[in-house]
Amino acid sequence: VQLQAYGGGLVQPGGSLRLSCAASGLAPNRYYMGWFRRVPGNEREFVAVLTRNGANTLYADSVKGRFTISRDNAKKTMYLQMNNLKPEDTAVYYCAKYRVNRCVGDACKNANNYDAWGQGTHVTVSS
């Protein structure tokens with residue numbers, strides 16, 4: 001299983017970015033997939049997760065209403081559309097695969113329950 005995240009960059013506050021996560025070596029429609037982020041010196045923080053068919057999502061309160069997680073299983077790609085970005089969104093963003101075929105509630109937010117990770121893509125929000 002390999003995940004590759006890309007699409008990060010430098011953006012001004014209020015701007016937008018779309019991150020992508022390409023998956024190989026697995027059937028993505030069998031797994032919940034999520035996004036996390038990490039600021040140097042901090043723990044990895046949950047951002048969002050979505051179900052196998054993309055019909056249901058869960059977001060961290062800090063990004064709710066600004067970020068949208070989605071997936072295209074035919075392309076084996078997951079996305080994170082980030083709008084109205086704030087300086088506090090600056091972090092390395094990681095995509096990840098949940099270790100089993102579903103999760104519920106707080107279990108979805110626990111990084112220890114994900115068993116495959118992309119390499120991370122940097123997002124910097126600054127004027």
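Residue indices begin at 1 and follow the sequence shown.
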Would you check if the side chain of [X] reaches a backbone N or O of [Y] as a donor-acceptor pair within less than 3.5 Å?
X: Ser62; Y: Ala60; value: no
X: Thr90; Y: Val125; value: yes
X: Asn110; Y: Ala107; value: no
X: Asp72; Y: Lys75; value: yes
X: Arg66; Y: Gln81; value: no
X: Thr121; Y: Tyr6; value: no
X: Gln2; Y: Gly25; value: no

* Side chains of Arg37 and Tyr93, donor plus acceptor under 3.5 Å ->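 There is such a pair (donor and acceptor under 3.5 Å, judged by atom type) between the side chains of Arg37 and Tyr93.
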
* Asked: Hey, are Ser16 and Asn83 close enough side-chain-wise for a donor-acceptor pair under 3.5 Å?
  ->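 Looking only at side-chain atoms, Ser16 and Asn83 do form a donor-acceptor pair, the distance falling under 3.5 Å.
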
Smallest separation among heavy atoms of [X] and [Y], with atom names:
X: Lys97; Y: Leu3; answer: N-CD1, 3.8 Å
X: Ile69; Y: Tyr59; answer: N-OH, 2.8 Å
X: Gln4; Y: Gln119; answer: CA-OE1, 3.4 Å
X: Val49; Y: Cys103; answer: CG2-SG, 4.5 Å
X: Cys108; Y: Leu58; answer: CB-CD2, 4.1 Å

Are any non-hydrogen side-chain atoms of [X] and [Y] less than 4.5 angstrom apart?
X: Met78; Y: Leu50; value: yes
X: Pro87; Y: Ser126; value: no
X: Asp106; Y: Phe46; value: no
X: Arg18; Y: Leu80; value: no
X: Thr68; Y: Tyr79; value: no
X: Glu45; Y: Arg38; value: no

* Do Thr51 and Arg102 pass the side-chain contact (heavy atoms from CB on, under 4.5 Å) test, and can you show the C-alpha distance, the side-chain angles, and the key distance before you say yes or no? -> CA-CA 7 Å; Thr51 54; Arg102 70 186 296 266; over 6 Å; no

* About how many Å separate OG1 of Thr57 and CZ of Phe67, when rounded to the nearest 0.5 Å? ->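 Between atom CZ of Phe67 and atom OG1 of Thr57 there are 14.0 Å.
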
* Asked: Would you find more than 12 non-hydrogen atoms of other residues, nucleotides or ligands less than 6.0 Å from Glu88 atom CD?
  ->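 More than 12 within 6.0 Å, yes.
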
* Asked: Can you name the one residue among Phe36, Trp35, Tyr31, Tyr114 that meets ring-ring contact (aromatic ring centres under 6.0 Å, His included) with Tyr98?
  ->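 For Tyr98, the ring-ring contact (aromatic ring centres under 6.0 Å, His included) test succeeds with only one of Phe36, Trp35, Tyr31, Tyr114, which is Tyr114.
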
* **Six-ring centre of Tyr32, Arg52 cation under 6.0 angstrom, axis tolerance 45°** =>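 Checked: cation-pi criterion not met.
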
* Asked: When you look at Thr124 and Val11, which way does the side-chain contact (heavy atoms from CB on, under 4.5 Å) test go after all the steps?
  -> CA-CA 6 Å; Thr124 302; Val11 63; over 6 Å; no

* Are Val39 and Trp117 in one and the same hydrophobic cluster, where Ile, Leu, Val, Met, Phe, Trp and Tyr link if side-chain heavy atoms are under 4.5 Å apart? ->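 No, separate clusters.
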
* Asked: In terms of side-chain geometry, is the basic nitrogen of Lys64 or Asp61 positioned less than 4.0 Å from the acidic oxygen of its partner?
  ->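 Result for this pair is yes, salt bridge flagged.
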
